[in-house]
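Atoms within a ligand are numbered from 1 in the order they appear, just like the ligands themselves. Just so it is clear, the model here is predicted, and its values are computed rather than measured. Computed from heavy atoms alone, side chains included, the values below leave out hydrogens, waters and symmetry copies.
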Amino acid sequence: MYFPFSLAFAVWDAILGESVSLSKSTQLQQPEPDSLIWDQIAPSTDLHFHSCYTGFECARLDVPLDWNKTSSSAARAAVAIVKLPAQVDVNDPRYGGSILINPGGPGGSGVNLALLHGRNIQRIVDSPISPDESLANGEKYFDIIGFDPRSVGFTTPSFTCFSDPQQRRSWQIASEADGLLGSSDAALGRMWARKHALAETCYAEMGDEAISFAMNTPVVAMDMVAIVDSLSRWRRQSIQTTHPIRSSQTWMKDDPDKLQYWGFSYGTLLGQTFASMYPHLVGRVVLDGVVDSDRHYSGTWDGNIVDADAIIQRFSVYCYEAGPERCDLFSEKGPASIQSSLDSILASVRDRPKSVSSTKGPEIITYSDVEILIRDALYGPFKAFENLAIALQDLASGDGSFIASLKQNQTSLKVPSGPPDYAEEVVGSISCSDGADQTNMTESEFVEYWHKARRQSRYLGDRWSQNRLQCIFWKFRPQFTHSGPIGVQTEPILFIGNTLDPVTSIENARRMNHKFPGSKLLQQESEGHISLSTPSLCTAKVVRAYFQSGVLPDHETSCQVYELPFGLPGERAPVPLDKGDKILLEALRTIANQMW
Ligand SMILES: *[C@@H]1O[C@H](CO)[C@@H](O)[C@H](O)[C@H]1NC(C)=O
Ligand SMILES: *[C@@H]1O[C@H](CO)[C@@H](O)[C@H](O)[C@H]1NC(C)=O
Ligand SMILES: *[C@@H]1O[C@H](CO)[C@@H](O)[C@H](O)[C@H]1NC(C)=O
């Protein structure tokens, strides 16, 4: 589906990696094992934050599992919440409140996103003036809040159809070896059988669990209301304890706190759903990499990938501009020739995978492996274009050891002991529960859908269409759905779309922007999924100004990026950077470089 941030195991490794590299400046140590943190926190209806992961605070919010059965004796869920505290105290007039974030998927962990990128996201939204130097009340500093949606990450109860992490890993490796749709004559039959087996197992193991019917997006929106509300109570209590007089002056007549939110990818669907269900609770909301809510809720997910192939054309153009030094696939004959070598290298492994003998052990490189690399490059070109060129060139005229090493590095990562990010059955369950019942779809109807997706994108259609396959076998239906329309009058929302985004096209962003009267659309002139996939000072400053003071661009605006893939310069007339810009650019680069 729509995954902007690293998939599966990679994110775990990346969390450790970030902690290690940050340790020089902020004395972060290796994080404690996650189970020690979360198991020790008792869920509560008022937030009690405990320090965790060095520099963060964790809490578990107790909510009803079924929002129609709110008594404390009915079944409950506990939402895992991690807070990166603001740079100023909640008592400080410059405290700007909390900004919730969601990484997409569905099935992505907001806790992991906050741990991995929270600090840099905070650098984007906060005033560039350090709190020691800013005395005026105009500057704002925010808490960044990551939460795990229902059935995701450390939120309980969990939804899982594997008995242990090792079993899941084996299944995943075997599924990858079966290959993407279209990679062989056997691939469709195998994937069909696998999705069938997965759905049946989930049905047998989780069929009696209430969570199986209460993890779709509108229910998560209801949980978000509870999060906003509990944060607001927590803030009042903090102020009351330390400033009893001020609290009675400023707080008692206040309106309820509203949602401040930056949602990415599927997180934009969550944001649109929240806004449509609770328009009066919309504060400042940024929806970045916009999902088409109609296609999502209808369960077809078609039409999202129409811009994907144009990104590969841009790959060839940038490669040509970058030259042989920076792009291994460079040809002086020009971009068309570069793209045709990409195509012929891809085709060359279709029937004959490449054999690689490496010091780690034997490996083969298949058509699916190359398609996955291309897919990663479409999502995060800023870093992945260069790797794609190295990998393809190595496959064509080298020994294939580069891709072999990537694959081996992926599989030799330690199996995470905690809950996985983007678990296959969770991604499927949320998507299938949101969409219409598909259990009547026949194999030939599915093949027709797949071929249509391939016509929309020959590089992404195979991977994209398999999202829908699980729903053909998915029998769980949600007990609660949002029956109203998506799109209402709210405080203005900021929509952001890239000119060429592989899975959330700019057309989606335009359509959704029209559904919310008064909202504004910012187009970032770049390739890749979500704005953070390429550093843009311009976009970051628009987001910052909106969170700082509610200012939005006029009508439809566009932003250039500061730098392009292969180290090419971005903005036509680069602005001279002041100290604040340098810090901002560093934050943006770090996020873009870690995205894939
Ligand atoms: C695989 O991991 C090793 C050891 O960390 C690293 O040196 C190597 O560059 C990695 N391979 C690739 C292709 O990234
Ligand atoms: C599936 O097909 C059966 C038999 O034709 C029909 O009764 C049922 O309503 C269909 N279900 C859906 C969800 O379309
Ligand atoms: C609560 O119950 C009513 C009546 O059965 C139903 O219409 C509504 O969708 C339910 N709400 C939730 C959140 O389950």
Checklist entry - For Asp369 and Thr366, what are the C-alpha separation, side-chain angles and deciding distance, and is it a side chain to side chain donor-acceptor pair (under 3.5 Å)? => result CA-CA 5 Å; Asp369 294 332; Thr366 66; 3.2 Å; yes
Item to check | Heavy-atom protein neighbour under 4.0 angstrom from atom 7 (O) of ligand 1 | outcome: no
Checklist entry - Excluding sequence neighbours, so at least two apart, what forms side-chain hydrogen bond (donor to acceptor under 3.5 Å, both in side chains) with Tyr459? => result Gln339, Asp343
Item to check | Salt bridge present between Glu424 and Arg168 (N-O < 4.0 angstrom) | outcome: no
Item to check | Ring geometry between Tyr278 and His280 (parallel below 30°, tilted from 30 to 60°, perpendicular above 60°) | outcome: perpendicular
Item to check | atom 11 (N) of ligand 1 [closest protein heavy-atom partner, distance rounded to 0.1 Å] | outcome: Ser405 OG, 2.7 Å
Checklist outcome for this item: In ligand 1, the atoms that come under 4.0 Å of a heavy atom of Leu406 are 13 (C), 14 (O)
Checklist entry - Tell me: protein heavy atom nearest atom 4 (C) of ligand 1, and distance? => result Asn409 ND2, 4.7 Å
Checklist outcome for this item: Sorted by chain and residue number, the ring pair (Phe, Tyr, Trp, His ring centres under 6.0 Å) partners of Phe516 (sequence neighbours excluded) come out as Phe495
Checklist entry - Out of Val219, Thr481, Thr70, Asn68, who gets a non-hydrogen atom closest to atom 3 (C) of ligand 3? => result Asn68
Checklist entry - atom 9 (O) of ligand 3: which protein heavy atom is closest, and how many Å away? => result Phe480 CD1, 3.2 Å
Checklist outcome for this item: The answer for which part of Met222 has a heavy atom under 4.0 Å from ligand 3 is side chain
Checklist entry - So, for Phe402 and Asp394, which heavy atoms are closest and what is the spacing to 0.1 Å? => result N-OD2, 2.8 Å
